[in-house]
Amino acid sequence: MIIDATALAGHPFLAGLPASQLDVLAPLARPESYNEGVRLFREDAPAAEFWLVRTGQVALDIHLPGRGTVPLETIGTGGVVGWSWLFPPYRWHFGAIARTPVETIRFDGAGVRAAMADDAIGKELAIRFMTVVVDRLQHTRLRLLDLYGTGPGSFS
Amino acid sequence: MTGAMAPVPYRVVAREPETADTVTLSLRPLDAGIEPIAPGQFTMLYAFGVGEVPISVSGAADGRLYQTLRAVGAVTRALHDTPAGAVIGVRGPFGIGWHLPAAPGRDLVLVAGGIGLAPLRPALTEALGRRDHFRSVTLIVGARTPGDLLFTAAVAGWAAAGARVEVTVDRPADGWTGRIGVAPAVLDEVDLDPANTTAMVCGPEIMMRFTATALLRRGVRAQDVQVSLERNMRCGVAWCGHCQLGPLLLCRDGPVVDYGRAAPLLAVKEL
C-alpha cells in the first residue's frame, strides 16, 4: 500500500514540509498497523527504518539480565519512533513494542538518508529529528530529577 | 471573616489513604465552618500542639471539606496520622483559585503532577458539572510510580462525565500497561485549539515550567495558562511576607497565577 503526500503532511512531524519534499518522501513510506504486543524492533538489530505514530502507543524497552524486558518510555499519537537508522552503526540501542494497537507510517531509513543528501530536505529533516531528540533528552532529564520524591525541592 | 485568623475546629470524620504516604481527610466543622471555598484555594490546617501547614482543598460537599496531604514533615505527618474522630484546626479559605473560563466552547486542559492533582480536582469537578460549556476537557496526570497515583477510583467517573484522562508515570511497576514518561510530553497528543484553550497546571515547579513551555509552543497564550505556585505560606492573610514572590504575596495574590505573570518571577533564583 502506498501513502500520498497529503497523508504525510497530516502527521505533526512532517506538517508544514514543502509539497516538493513530501513528494520525495512519499515513495519511501507506507502505512503499517501493529497489534498490541507486536514488536517493531529489537535492541542491537540492524536499524533500517523509522515510524511516525498515527494512533496508539509504542513502548521503548531494554532487556536487563535478571529483570527481563523493561519498558522505558512510551511514544504516542503524533510521535516518532526510531532514529538509530540515521547514524552509524545503524543498530537499535533499544527495542520497541506496540503497547496498544498502533497505526503508523513506516519509512525506509536508507531511502530517507539518500533523500537527505539534498540540502533542503536534509536540513528540514535534521532540524525536525533534532527537535524530537532534544524533547526526549529534556524529558529524560526531568525524570532524572525525581521531582515527585520527598527530597529537598520536591513537591508535597 | 470566619476562620481567617483563628483556627476553626473541624472533626476528621473519615480518612481515605490514597497512597503509602498520602491521605484525604474528610472534615466536618464542630460548629460554624469557614467560608465557602473556591477550587484552587487553600486552607491552613493545624495539628494541635504540632504546627500549621498550608494544604490544598481537594473537594467540598455537604458541609464537608476534603483535604489531601502527603506526610513529608512533622506537621503533615501528624495530620496524616490523625485518626477519624479527632479534631484539627482549619483557617481559610485563602488565596485566589482556578479561573474557569466564562466564555463557552473552549478547550480546558488540566495537567497535574503528583499531589498536584488534589487542588485541581475541584476545578475538574466543576468543569464536568457543566461539561457542555467546554469544547473539550482533558486531564493529564503524571506521577512517580503507579502506586503514587491519587484518586484512581474516580478516573472512570471522570471519563464517563466527558473528560479525556491520560495518566503517565516516571517509573513503571511490573504490570503497568499505561504511559511512561513525563506529563508535558502527553500534551503533544492532545487536540486543542490554542487560541481557545485554558490550561491549569499544578505540580512541582519545574514540571509546571516545562508544561507551560509546551503549551506556549503549541500556541496557547501565557495568560491562558494558570499555574499554582507554592511558597512558604504562614499567615494566609498577606501580613507576614513569608510567601513573597517578587511583587506577589502568594497567600493573597496566588496560589494560582497566570503564567504571563509567573514566568518572569520563576526565572529569578533569588526570589
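Here is the naming used below: chain letters follow the sequence lines, and residue numbers restart at 1 for every chain. Note that the structure is a prediction, hence the values are computed from the model and not measured.
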Original post:
Taking atom CG of B:D170 and atom CG of A:L147, what is their separation to the nearest 0.5 Å?
Top reply: 7.5 Å
Original post:
Contact part of B:R209 toward chain A, heavy-atom cut-off under 4.5 Å: side chain, backbone, both or neither?
Top reply: neither
Original post:
Is chain A contacted by the side chain of B:A143, its backbone, both, or neither, given a heavy-atom distance below 4.5 Å?
Top reply: backbone
Subject >> Closest non-hydrogen atom pair, B:M207 against A:Y148 >> reply: CG-OH, 3.9 Å
Original post:
Which distance, rounded to the nearest 0.5 Å, do you find between the CG of A:D146 and the CZ of B:R144?
Top reply: 4.0 Å
Original post:
Nearest 0.5 Å, what's the OG1-CG distance between A:T77 and B:D191?
Top reply: 11.0 Å
Original post:
Among A:D135, A:T100, A:T74, which has the most heavy-atom pairs under 4.5 Å with chain B?
Top reply: A:T74
Original post:
So which part of A:L72 gets closer than 4.5 Å to some heavy atom of chain B, the side chain, the backbone, both or neither?
Top reply: backbone
Original post:
So which part of A:R143 gets closer than 4.5 Å to some heavy atom of chain B, the side chain, the backbone, both or neither?
Top reply: both
**OP:** Give the member of B:I180, B:V169, B:I55 that has the highest number of heavy-atom pairs under 4.5 Å with chain A.
**Re:** B:I180
Original post:
Rounded to the nearest 0.5 Å, what separation is found between the CZ atom of B:R217 and the OG1 atom of A:T131?
Top reply: 7.5 Å
**OP:** Tell me, for A:E73 versus chain B, whether the close heavy atoms (under 4.5 Å) come from the side chain, the backbone, both or neither.
**Re:** both
Original post:
For chain B, which of A:Q57, A:R99, A:R67 has the most heavy-atom pairs under 4.5 Å?
Top reply: A:R99
Subject >> Between B:A214, B:G181, B:G178, the one whose heavy-atom pairs under 4.5 Å with chain A are most numerous >> reply: B:G178
**OP:** Return the minimal non-hydrogen interatomic distance between B:P172 and A:P71, and the atom names on each side.
**Re:** CG-O, 3.8 Å
**OP:** Return yes when atom NE2 of A:H63 has more than 12 non-hydrogen atoms of other residues, nucleotides or ligands closer than 6.0 Å, and no otherwise.
**Re:** yes
Subject >> Inter-residue atom distance A:Q138.CD - B:T213.OG1, 0.5 Å rounding >> reply: 8.5 Å
Original post:
Around B:R231, counting heavy atoms of other residues, nucleotides and ligands shown, do more than 12 lie under 6.0 Å from its CZ?
Top reply: yes
